[in-house]
Enquirer: 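Structure provided below as structure tokens; questions to follow.
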Number of protein chains: 4
Amino acid sequence: MPTATDTRARLLVAARQAFADLGYGRARVEDVVARAGVGHGTFYAYFKNKRAALAALISENATTLVDLAGQPWRPGDVRASLVEVLGGLSDLYDRDADLIALWTEASIQDPELGQVLDEVRRQFVARIARNIEHAAGQGVTRPVDPLTAATALAAMAEQTMFLRAVRGEPLDRDLTVETLADLWLHALYR
Amino acid sequence: MPTATDTRARLLVAARQAFADLGYGRARVEDVVARAGVGHGTFYAYFKNKRAALAALISENATTLVDLAGQPWRPGDVRASLVEVLGGLSDLYDRDADLIALWTEASIQDPELGQVLDEVRRQFVARIARNIEHAAGQGVTRPVDPLTAATALAAMAEQTMFLRAVRGEPLDRDLTVETLADLWLHALYR
Amino acid sequence: MPTATDTRARLLVAARQAFADLGYGRARVEDVVARAGVGHGTFYAYFKNKRAALAALISENATTLVDLAGQPWRPGDVRASLVEVLGGLSDLYDRDADLIALWTEASIQDPELGQVLDEVRRQFVARIARNIEHAAGQGVTRPVDPLTAATALAAMAEQTMFLRAVRGEPLDRDLTVETLADLWLHALYR
Amino acid sequence: MPTATDTRARLLVAARQAFADLGYGRARVEDVVARAGVGHGTFYAYFKNKRAALAALISENATTLVDLAGQPWRPGDVRASLVEVLGGLSDLYDRDADLIALWTEASIQDPELGQVLDEVRRQFVARIARNIEHAAGQGVTRPVDPLTAATALAAMAEQTMFLRAVRGEPLDRDLTVETLADLWLHALYR
DNA sequence: CATGAATGAGCCTTCATTCAT
DNA sequence: TATGAATGAAGGCTCATTCAT
């Protein structure tokens with residue numbers, strides 16, 4: 001006895017697969033319902049239209065990323081903190097590469113959705129900036145503009161993970177994490 | 001009497017505008033020919049299909065980016081070199097934000113085109129890696145894996161510029177360039 | 001505990017409302033069941049399909065009209081009879097404007113139903129024709145073809161009431177009734 | 001060499017046929033283009049959507065009716081005038097029965113179009129009212145409210161013609177015209 | 001070379017109807 | 001009887017592409 005929630009969840013999983021396989025633009029609703037094993041009309045019982053499924057997919061996963069950056073860096077062992085954060089980010093990208101790619105496409109195809117995602121990114125950057133400010137308050141960093149530096153460092157991490165997980169650049173996971181941690185560390189700290 | 005070359009060039013400019021305004025996916029051939037001021041059928045006298053126009057647009061501009069990173073860093077004043085390179089990159093992004101956005105979309109919509117662009121990026125990264133190796137040979141850098149570091153640093157620059165020029169993040173041009181140069185410098189050098 | 005008859009009656013009322021509000025063509029079964037406060041499937045426990053509900057609605061109200069014209073005109077005061085009949089017709093239209101409009105739509109959308117309604121109208125006309133013939137037998141009318149005249153006079157009354165009640169023409173109720181009675185009277189009688 | 005105008009005209013004729021045969025609601029765009037002998041997309045090159053074709057069909061024929069009633073009644077021979085007007089109306093209905101039926105359906109399906117058609121009818125009625133007022137000014141009519149009487153008499157003619165031409169009531173053309181003329185004449189004149 | 005009318009495959013979306021519970 | 005989730009046929013509309021002139 002599949003419940004309504006089951007069906008919706010199945011449709012979301014199917015949508016994620018279909019959008020990942022074909023891209024949101026080229027994926028047809030038929031591709032989604034075929035993967036979900038439901039009829040054509042069922043899709044529209046749960047989503048107003050194709051775009052709404054994308055929006056649901058995005059918004060219901062949007063917090064994952066920002067949550068990850070939430071942990072404050074431990075002052076005692078900044079490098080270990082960074083390795084931990086960046087390692088977690090790497091694993092997130094490995095796990096959700098399809099969603100990340102979708103995120104990128106969604107930003108292009110749907111400006112409104114792009115705004116939502118920009119906001120998520122801004123929160124992610126803000127948490128890093130807060131960490132930088134905190135470290136700066138302790139006098140252990142070089143003088144940098146926290147927000148600009150945070151943007152740049154987040155960009156470095158994000159885009160590197162993206163190239164590795166989504167675009168398939170042959171970068172070793174651990175080496176990448178270690179290197180990024182090193183670069184962050186020396187870029188910021190005295 | 002417009003020559004064939006003129007018409008083709010007009011179509012490419014029009015395509016760039018249309019694709020930038022509407023996104024490649026939503027731009028219709030009619031949007032392109034309207035901007036070019038030519039008839040509908042003329043488009044197909046110069047391009048096999050819509051995709052071919054995108055490919056031409058990409059490939060005929062692809063060298064701009066990679067060329068820019070070509071200059072070796074001057075050992076005497078690395079920071080000035082970096083500021084110069086990054087400033088040029090920033091200006092490139094400001095000027096060609098529409099093309100960059102198109103690049104991103106093209107990578108998604110057209111895997112084959114994505115390969116081409118990945119190759120461009122790889123060359124860009126390779127030049128940076130060569131610069132890193134060169135500096136490492138002089139013993140002035142910390143020990144890093146040149147390719148991984150180059151990927152990460154290029155990613156930082158690219159993505160930061162992207163956020164600023166394409167996604168409209170309110171980052172000051174000079175502060176961004178200076179900050180990026182600083183981060184690169186201290187991330188790499190002893 | 002609503003009985004089956006209750007539910008059916010509620011559905012008919014709801015159907016009449018929904019069809020009146022939206023037109024039969026654009027009203028969805030969902031609009032009907034929502035107004036009736038019953039589940040979607042319940043509709044099909046009482047009606048074979050959407051069309052059957054329309055047919056029931058029409059046929060179960062079809063007699064109202066024809067009954068009204070049933071009274072023979074009182075020879076002693078023809079004008080008062082006409083005012084009475086036409087006034088009743090006017091009130092009927094005011095009360096059942098939605099049904100009348102539905103009748104019109106049903107005739108268009110469903111030829112078979114159109115036949116039913118044509119038959120109702122024919123009976124209405126036939127009763128008028130009989131009144132005309134009766135009056136003619138008494139030698140008080142001008143020579144007219146009873147059926148043609150009855151059709152025309154019925155058409156005048158019907159359509160005028162329709163314009164007033166359904167299409168919203170700003171005609172005063174009493175003036176209209178009086179005028180119609182006068183026109184009928186002088187059109188027919190010497 | 002079919003010109004653009006040809007194609008549009010062919011589509012309008014085809015739309016009229018298809019809408020008449022099947023009713024606007026049930027006629028598919030495919031039914032129209034099949035009759036016009038053109039491709040599916042061609043329809044949308046000439047009409048924004050299906051509704052626009054209906055609107056064009058209606059508005060481009062809306063004047064026919066009102067023009068017909070334009071002739072003033074000749075005072076010398078009112079009856080002959082009425083026979084002429086009503087005969088013309090009858091022929092119009094015989095010729096354009098499909099359009100008239102469509103008019104009715106359009107009023108139901110599309111309130112906005114209904115407004116347009118109400119306005120046409122109002123003009124028709126206004127011309128009749130003017131004729132009545134003119135006759136009243138000469139003291140030859142019984143006292144009636146011109147607008148109400150005009151509405152009623154127009155309704156009689158319209159609806160009778162409608163029943164004959166559209167709903168197929170077996171009424172003889174000449175007998176109907178003569179009877180209507182008689183009824184109008186005696187209804188109005190002393 | 002240039003044109004733009006014509007094409008038709010393809011996709012999103014609606015909604016009357018069914019049926020397992 | 002009552003429910004409402006599920007169905008899928010059907011149809012409106014778009015737009016890349018072709019081709020006769």
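Since this is a predicted model, take the numbers as computed values, not measurements. Below, chains carry the letters A, B, ... as their sequence lines are ordered, and counting in each starts from 1. When reading the values below, keep in mind they use all heavy atoms of this one structure, side chains included, and skip hydrogens, waters and symmetry mates.
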Enquirer: Figure out the CG/P separation between L11(C) and dA16(E), and round it to whole Å.
Expert: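 Taking atom P of dA16(E) as the reference, CG of L11(C) is at 14 Å.
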Enquirer: Which atoms form the tightest heavy-atom contact between A53(B) and L12(B), and what is the distance?
Expert: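 Heavy-atom minimum between the residues: O-CD2, 4.1 Å.
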Enquirer: To the nearest Å, how far apart are R10(B) CZ and dA2(E) C1'?
Expert: 12 Å
Enquirer: Counting only side-chain nitrogens and oxygens, does T7(D) get under 4.0 Å of the OP1 or OP2 atom of dA6(E)?
Expert: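 Affirmative; the distance criterion is met.
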Enquirer: With Watson-Crick and G-U wobble geometry limited to distances under 3.5 Å, how should the secondary structure of DNA chain E be encoded in dot-bracket form, using | for bases paired to another strand and [ ] for crossing pairs?
Expert: .||||||||||||||||||||
Enquirer: Quick one: is Y46(D) getting a side-chain N or O under 4.0 Å of the dA6(E) phosphate, OP1 or OP2?
Expert: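 The answer is yes; a side-chain N or O of Y46(D) sits under 4.0 Å from OP1 or OP2.
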Enquirer: Determine whether Y24(B) and I108(A) make a side-chain contact, defined as any pair of heavy atoms from C-beta on separated by less than 4.5 Å.
Expert: no
Enquirer: Expressed as a whole number of angstroms, how long is the span from L22(D):CG to dA10(F):C1'?
Expert: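 Interatomic distance, CG of L22(D) to C1' of dA10(F): 15 Å.
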Enquirer: For the pair made of CZ in F43(C) and C1' in dC19(E), what is the distance, rounded to whole Å?
Expert: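 For the pair F43(C) CZ and dC19(E) C1', the rounded distance is 17 Å.
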Enquirer: If each of R51(C) and Y44(A) is mapped to the nucleotide of DNA chain E with the nearest heavy atom, which maps nearer the 5' terminus, i.e. the 5' end?
Expert: Y44(A)
Enquirer: For V29(A) and for A45(D), locate the closest nucleotide of DNA chain E by heavy-atom distance; then report the residue assigned to the nucleotide nearer the 5' terminus.
Expert: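 By nearest-heavy-atom nucleotide position, the 5'-most residue is A45(D).
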Enquirer: Just how far, in rounded Å, is P of dT1(F) from CG of D6(C)?
Expert: 13 Å
Enquirer: Using whole Å, what does the distance between atom C1' of nucleotide dG4(F) and atom CZ of R8(A) come to?
Expert: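 Going from CZ in R8(A) over to C1' in dG4(F) covers 18 Å.
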Enquirer: Indicate yes or no for a side-chain donor-acceptor contact from D96(A) to the backbone of L99(A) under 3.5 Å, with no hydrogens or angles considered.
Expert: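 It does not hold such a pair.
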Enquirer: Under 4.0 Å, heavy atoms only, any strand: does A27(A) hit a base, just the sugar-phosphate, or nothing?
Expert: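 Sugar-phosphate, no base atom in range.
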Enquirer: How long is the span from the CZ atom in F43(D) to the NZ atom in K50(D), to the nearest 0.5 Å?
Expert: 8.5 Å
Enquirer: If I take atom CZ in residue R26(A) and atom P in nucleotide dC12(E), what distance separates them, rounded to the nearest angstrom?
Expert: 13 Å
Enquirer: If we take the C1' atom in both dC1(E) and dT21(F), what is their distance in whole Å?
Expert: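 Their C1' atoms lie roughly 13 Å apart.
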Enquirer: Check the distance between dT13(E)'s C1' and R28(A)'s CZ and give it to me in whole angstrom.
Expert: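 From R28(A) CZ to dT13(E) C1': 15 Å.
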Enquirer: Taking DNA chain F as the partner, which of residues 104-112 of chain D come within under 4.0 angstrom of it by heavy atom?
Expert: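 Of all residues in residues 104-112 of chain D, none places a heavy atom under 4.0 Å from DNA chain F.
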Enquirer: Can you tell me how far CZ of F19(D) sits from CD of E105(D), rounded to the nearest 0.5 angstrom?
Expert: 9.0 Å
Enquirer: Using a strict 4.0 Å threshold on nitrogen-to-oxygen distance, state whether R167(C) and E119(D) make a salt bridge.
Expert: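 Not counted as a salt bridge, because no side-chain N and carboxylate O are separated by less than 4.0 Å.
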Enquirer: Does the side chain of W103(C) come within less than 4.5 Å of N61(C)'s, by heavy atoms?
Expert: no
Enquirer: Does any part of the side chain of Y46(A), heavy atoms only, come nearer than 4.5 Å to the side chain of T42(A), both counted from C-beta?
Expert: yes
Enquirer: Which pair of heavy atoms, one from A106(B) and one from L113(B), lies closest together, and at what distance?
Expert: CB-CD2, 4.0 Å
Enquirer: When you measure from every atom of DNA chain F, which of residues 30-42 of chain A have a heavy atom less than 4.0 Å away?
Expert: V38(A), G39(A), H40(A), G41(A), T42(A)
Enquirer: Quick one: which of dA16(F), dG12(F), dT17(E) gets closest to the side chain of K50(B)?
Expert: dA16(F)
Enquirer: Indicate yes or no: does R26(B) engage D110(A) in a salt bridge with an N to O separation below 4.0 Å.
Expert: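 So R26(B) does not pair with D110(A) through a salt bridge.
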Enquirer: Is the closest side-chain heavy-atom distance between V13(B) and R8(B) below 4.5 Å?
Expert: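 Counting from C-beta outward, V13(B) and R8(B) never come under 4.5 Å.
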Enquirer: Would you call R35(C) and D21(C) a salt bridge, using N to O less than 4.0 angstrom?
Expert: yes
Enquirer: Quick one: on DNA chain F, does K48(B) or N49(D) contact a more 5' nucleotide (nearest heavy atom)?
Expert: N49(D)
